[in-house]
Amino acid sequence: MTAHIDSFPPSLSRQILEQLVLETEIAKQFLQILNDECATLMEFSSPEPLRELAQRKWQIGQQLEAAYKERMQLVQSRFPVSDAQHGLADILERLDPQQQDALAKQWNSYNELVAQAKSLNESNAIMIHSYLKYNQDALDSLNRAAGVQHTYDGKGMRKPVSTGKPLASA
């Protein structure tokens, strides 16, 4: 059991808790955008909604990063950088005992949301990759059927049309 450091004012614990509550709310927004992205991918009809969701996801990601930096500034204002790198869970034990339970619960809630977001983001990435591969394979098949020998990649460089299954056989 780590000893409580009496020199830390309860206000620091309260500030960290408030910041963590803010981060959790932002993480909930991020998770909702990922759920919307997943639903859009499942019913894919147009890339436009995905473009809008990607923009919102980036904006919320920026807010989440800013909130994280703010929390780390609060932590580092009282703890050396080396201590802060060990994680908030270790530091929670050294803060105001009256706030420890609320901080621990909020920290667990935050980490659960982050784990869900990570998993869903990875699943969405797999779906997007699958769509891109399917579309590239379809384009390659059409190009082969049309007798196209090469196309251009994203950098404007020529690339040969991949050989693969014929579009149809007689």
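Note: hydrogens, waters and symmetry copies are ignored here, and every other heavy atom, side chains too, is used. Just so you know, residue 1 is the first one in the sequence shown, and it goes up from there.
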Trainee: Between CD of Glu65 and CD of Glu70, what distance do you get to the nearest 0.5 Å?
Mentor: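 The CD atom of Glu65 sits 13.0 Å away from the CD atom of Glu70.
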
Trainee: How far apart are the closest heavy atoms of Leu120 and Asn35, and which atoms are they?
Mentor: CD2-OD1, 3.1 Å

Trainee: Closer than 3.5 angstrom, by distance alone: can the side chain of Ser109 be matched with the main-chain N or O of Lys105 as a donor-acceptor pair?
Mentor: no

Trainee: Measure the spacing between NZ of Lys28 and CD of Gln116 and express it to the nearest 0.5 Å.
Mentor: 10.5 Å

Trainee: Are Ile33 and Ile128 grouped together when hydrophobic residues (ILVMFWY) are joined by side-chain heavy atoms under 4.5 angstrom apart?
Mentor: no

Trainee: Atom OG1 in Thr24, atom CG in Leu31: separation rounded to 0.5 Å?
Mentor: 12.0 Å

Trainee: So, for Glu23 and Tyr68, which heavy atoms are closest and what is the spacing to 0.1 Å?
Mentor: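 Looks like OE1-CA, 3.5 Å.
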
Trainee: Which is it for Gln32 and Asp36 under the side chain to side chain donor-acceptor pair (under 3.5 Å) test, yes or no, and what are the steps along the way?
Mentor: CA-CA 6 Å; Gln32 182 58 53; Asp36 293 348; 2.8 Å; yes

Trainee: Which residue pairs pass the salt bridge (Lys or Arg N to Asp or Glu O under 4.0 Å) test with at least one member in residues 125-135, sequence neighbours excluded?
Mentor: Lys133-Asp137

Trainee: Under 3.5 Å, sequence neighbours excluded: what are the donor-acceptor pairs made by side chains of residues 53-60?
Mentor:
from: Lys57; atom 1: NZ; to: Glu37; atom 2: OE1; distance (Å): 3.3
from: Lys57; atom 1: NZ; to: Glu37; atom 2: OE2; distance (Å): 3.2
from: Lys57; atom 1: NZ; to: Asn121; atom 2: OD1; distance (Å): 3.1

Trainee: For the pair Gln19 (side chain) and Ala67 (backbone), establish whether a donor and an acceptor sit closer than 3.5 Å, ignoring hydrogens and angles.
Mentor: yes

Trainee: Are Phe30 and Ile26 close enough that some pair of their side-chain heavy atoms sits under 4.5 Å apart?
Mentor: no

Trainee: Apply the test salt bridge (Lys or Arg N to Asp or Glu O under 4.0 Å) to residues Glu18 and Arg14: give CA-CA distance (whole Å), side-chain angles for both, the deciding distance (0.1 Å), then the verdict.
Mentor: CA-CA 6 Å; Glu18 289 170 1; Arg14 199 170 21 260; 5.0 Å; no

Trainee: Shared ILVMFWY cluster between Leu64 and Leu22, side chains joined below 4.5 angstrom?
Mentor: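 Yes: a chain of side-chain contacts under 4.5 Å links Leu64 to Leu22.
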
Trainee: In Å, rounded to the nearest 0.5 Å, how long is the span from OG of Ser46 to CZ of Arg51?
Mentor: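 Rounded to the nearest 0.5 Å, the OG-CZ separation comes out at 7.5 Å.
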
Trainee: With rounding to the nearest 0.5 Å, note down the distance linking CG in Leu20 to CG in Asn108.
Mentor: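 Rounded to the nearest 0.5 Å, the CG-CG separation comes out at 9.5 Å.
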
Trainee: If I take atom OH from residue Tyr131 and atom CE from residue Met127, how far apart are they, to the nearest 0.5 angstrom?
Mentor: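 CE of Met127 is found 7.0 Å from OH of Tyr131.
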
Trainee: Can you hop from Leu41 to Ile126 via hydrophobic side chains spaced under 4.5 Å?
Mentor: no

Trainee: Which heavy atom of Thr40 sits nearest a heavy atom of Leu50, and at what distance?
Mentor: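 Taking every non-hydrogen atom into account, CG2-CD2, 3.8 Å.
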
